[in-house]
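Read the numbers this way: they start at 1 and go in the same order the structure lists the ligands and their atoms.
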Amino acid sequence: MGLFTKDIETFDDLFVHTLKDIYYAENQIAKNLPDMISKASDAQLKQGLEAHLKETKNQIGRLEQVFKLHGVKVEGVDCPAIDGILEEASEVAGEVSDKQVLDAALIAAAQAVEHYEITRYGTLIAWAKQLGRDDCANLLEQNLKEEKAADEKLSKLALSGVNRKAA
Ligand code: FE
Ligand code: ZN
Ligand code: FE
Ligand code: FE
């Protein structure tokens, strides 16, 4: 992605660019989740984040399949949005001293990540279908489903005790 060249010309280029964006994001998430897991105290939260780390690794595999189906090289492009979300997460976590308040902060940070992923996958699925690539759309749908489930699980954890304990 050069400053003086425009690399995105067609709708297909835009799809591939955004695929590279979420591929980078998923890899950054996989890199950062262990730190969040180590900071979590609530057993269910720890377990939930661990389960989602496993899912995240599978999601990366599905994205690699999409690249292959689409006939393009597997690679990421910098996503300043996910870098910012993850940077903010670790910054805030570093400022919280109480363990139970930290759990609430970790849930909020994890949900910001899930919502970024949900918006990207929603767009990619619509674009894949428009491009006539239902095969790509199906794989992306599986990732989206997991992100939505992870988000709902985090909400439940927050509302079923983590927030109350933090307060
Ligand atoms: Fe993901
Ligand atoms: Zn193509
Ligand atoms: Fe991005
Ligand atoms: Fe996720």
**Student:** So His52 and Gln59, side-chain contact (heavy atoms from CB on, under 4.5 Å) or not? Walk me through it.
**Tutor:** CA-CA 10 Å; His52 199 53; Gln59 291 171 356; 4.0 Å; yes
**Student:** Only N/O/S atoms count here: what is the atom of Glu117 closest to the Fe ion (ligand 1) called?
**Tutor:** OE2
**Student:** With respect to the Fe ion (ligand 4), please indicate if Glu114 possesses an N, O or S atom at a distance under 2.8 Å.
**Tutor:** yes
**Student:** Could you tell me whether the Fe ion (ligand 3) has an N, O or S atom of Tyr116 under 2.8 Å away?
**Tutor:** yes
**Student:** Could you tell me whether the side chain of Leu140 reaches within less than 4.5 Å of the side chain of Leu63, counting heavy atoms only?
**Tutor:** yes
**Student:** The Fe ion (ligand 1) to Gln59: any N/O/S contact under 2.8 Å?
**Tutor:** yes
**Student:** Find out if a path of hydrophobic residues (ILVMFWY) with successive side-chain heavy-atom gaps under 4.5 Å connects Val92 to Ile29.
**Tutor:** yes
**Student:** Return the name of the atom in Glu147, of element N, O or S, nearest to the Fe ion (ligand 1).
**Tutor:** OE2
**Student:** Would Glu55 count as a contact for the Fe ion (ligand 4), in the sense that one of its N, O or S atoms lies under 2.8 Å from it?
**Tutor:** no
**Student:** Examine distances only and state if a side-chain atom of Gln111 and a backbone atom of Asp151 form a donor-acceptor pair shorter than 3.5 Å.
**Tutor:** yes
**Student:** Where the Fe ion (ligand 3) is the corner point, what angle links OD2 of Asp21 with SG of Cys79, to 10°?
**Tutor:** 110°
**Student:** Short check: any N/O/S atom of Glu26 below 2.8 Å from the Fe ion (ligand 4)?
**Tutor:** no
**Student:** Counting N and O atoms only, with roles assigned by atom type, does the side chain of Asp21 sit under 3.5 Å from a partner on the main chain of His17, one being a donor and the other an acceptor?
**Tutor:** no
**Student:** If we only count heavy atoms from C-beta on, is the Val162 to Gln100 side-chain gap below 4.5 Å?
**Tutor:** no
